[in-house]
Amino acid sequence: MNELSEPSIKKGNTLLGLQVLSDFGDQITAALLALSIIDITSSTKEVGFIYFINTLGFILFTILGGYLGDRISKRNILCYSDTGRGLFVLLMIMALYMKSIALIYLASFALSLLGSLHRPVKFSLWANSIPTHRLELYN
């Protein structure tokens with residue numbers, strides 16, 4: 001049985017650590033976005049709508065992200081989706097500064113789309129770096 005090397009395990013652990021950091025940032029961003037929407041609109045309905053938009057983007061593109069990850073370069077998907085996410089974060093900052101709800105909706109939807117393309121590819125790369133005999137430990 002051909003097991004993966006220690007450098008591969010180290011890369012997998014690094015990817016997992018970076019994913020935890022990224023997830024933490026995403027949660028902080030979601031909380032601050034909700035607070036910002038309440039500050040701009042004074043409406044909890046708008047906060048619910050922004051989460052609906054995020055969920056819709058996630059549902060629509062998670063399957064596509066997994067499919068694309070099997071068909072095209074995982075490296076390209078990760079690089080382009082991260083670059084796109086960075087650009088849309090800048091758009092989100094601008095939208096919050098301008099207090100433009102429509103632009104906030106657009107940036108939020110785009111971030112959820114790119115995140116849902118990125119996530120399955122990242123997890124498949126991480127899972128491939130774990131030796132078979134250690135899967136239970138990592139799970």
Side-chain angles (χ1 to χ4, degrees):
M1 183 164 25
N2 185 10
E3 290 298 326
L4 299 169
S5 65
E6 284 301 315
S8 179
I9 293 170
K10 185 175 180 179
K11 285 181 184 177
N13 287 339
T14 301
L15 187 58
L16 177 62
L18 292 172
Q19 178 60 46
V20 168
L21 183 62
S22 177
D23 286 345
F24 179 73
D26 289 345
Q27 294 304 315
I28 295 296
T29 301
L32 293 175
L33 180 60
L35 290 172
S36 296
I37 294 293
I38 286 176
D39 184 50
I40 293 168
T41 65
S42 300
S43 170
T44 55
K45 181 182 88 171
E46 297 296 330
V47 174
F49 189 66
I50 206 84
Y51 283 115
F52 171 76
I53 287 172
N54 284 332
T55 303
L56 183 64
F58 178 78
I59 290 169
L60 291 175
F61 279 83
T62 295
I63 294 171
L64 181 63
Y67 175 79
L68 290 175
D70 290 339
R71 302 287 183 257
I72 61 177
S73 168
K74 288 176 175 45
R75 181 175 178 254
N76 286 343
I77 290 174
L78 292 176
C79 288
Y80 291 131
S81 63
D82 269 346
T83 301
R85 286 176 70 187
L87 292 172
F88 279 104
V89 164
L90 292 175
L91 179 65
M92 179 68 77
I93 292 167
M94 188 175 73
L96 289 167
Y97 179 76
M98 294 170 34
K99 298 186 179 197
S100 169
I101 296 300
L103 202 52
I104 292 170
Y105 289 156
L106 173 71
S108 186
F109 184 70
L111 284 169
S112 70
L113 293 180
L114 291 171
S116 62
L117 287 173
H118 186 268
R119 195 172 188 87
V121 173
K122 189 172 5 181
F123 281 141
S124 73
L125 284 174
W126 179 68
N128 289 336
S129 70
I130 301 170
T132 306
H133 71 280
R134 298 184 79 183
L135 283 174
E136 188 173 317
L137 172 68
Y138 278 82
N139 192 25

- request: Check whether any side-chain heavy atom of Thr29 lies under 4.5 Å from a side-chain heavy atom of Met92, and answer yes or no.
  value: no
query: So if you build clusters from Ile, Leu, Val, Met, Phe, Trp, Tyr with side-chain heavy-atom gaps below 4.5 Å, do Phe52 and Leu114 land together?
result: yes
field: Residue of the set Thr41, Ile50, Leu96 for which side-chain contact (heavy atoms from CB on, under 4.5 Å) holds with Ser36
entry: Leu96
- prompt: Roughly how far apart are Leu113 CG and Leu60 CG, rounded to 0.5 Å?
  reply: 7.0 Å
statement: Closest heavy-atom pair, Ala34 versus Val47, reported as atoms and distance to 0.1 Å, is O-CG2, 3.7 Å
- request: Specify the closest pair of heavy atoms between Ser112 and Gly57, including all atoms of both residues, with the distance to one decimal.
  value: OG-CA, 3.4 Å
field: From Thr55 atom OG1 to Tyr51 atom OH, the distance as rounded to the nearest 0.5 Å
entry: 9.5 Å
query: Shared ILVMFWY cluster between Phe109 and Phe58, side chains joined below 4.5 angstrom?
result: no
- prompt: Side chains of Ile40 and Ile104: closer than 4.5 Å at any heavy-atom pair?
  reply: yes
- request: Any chance you could measure Leu106, atom CG, to Phe88, atom CZ, to the nearest 0.5 Å?
  value: 6.0 Å
- prompt: Rounded to the nearest 0.5 Å, how far apart are OH of Tyr80 and CD1 of Ile72?
  reply: 10.0 Å
statement: By side chain to side chain contact (heavy atoms under 4.5 Å, CB included), Leu32 pairs with (sequence neighbours left out) Ile28, Leu35
query: Can you tell me how far the CG atom of Leu111 sits from the OG atom of Ser116, to the nearest 0.5 Å?
result: 10.5 Å
message: Would you say Ile59 ends up clustered with Leu56 if hydrophobic residues are merged whenever their side chains have heavy atoms under 4.5 Å apart, either directly or through other cluster members?
response: no
message: Quick check for you: to the nearest 0.5 Å, what is the distance between Leu103 atom CG and Ser108 atom OG?
response: 11.0 Å
message: Filter on salt bridge (Lys or Arg N to Asp or Glu O under 4.0 Å), then keep only pairs touching residues 54-66, sequence neighbours left out; what's left?
response: none
field: Within one Ile-Leu-Val-Met-Phe-Trp-Tyr cluster: Leu87 and Leu33, side-chain cutoff 4.5 Å
entry: no
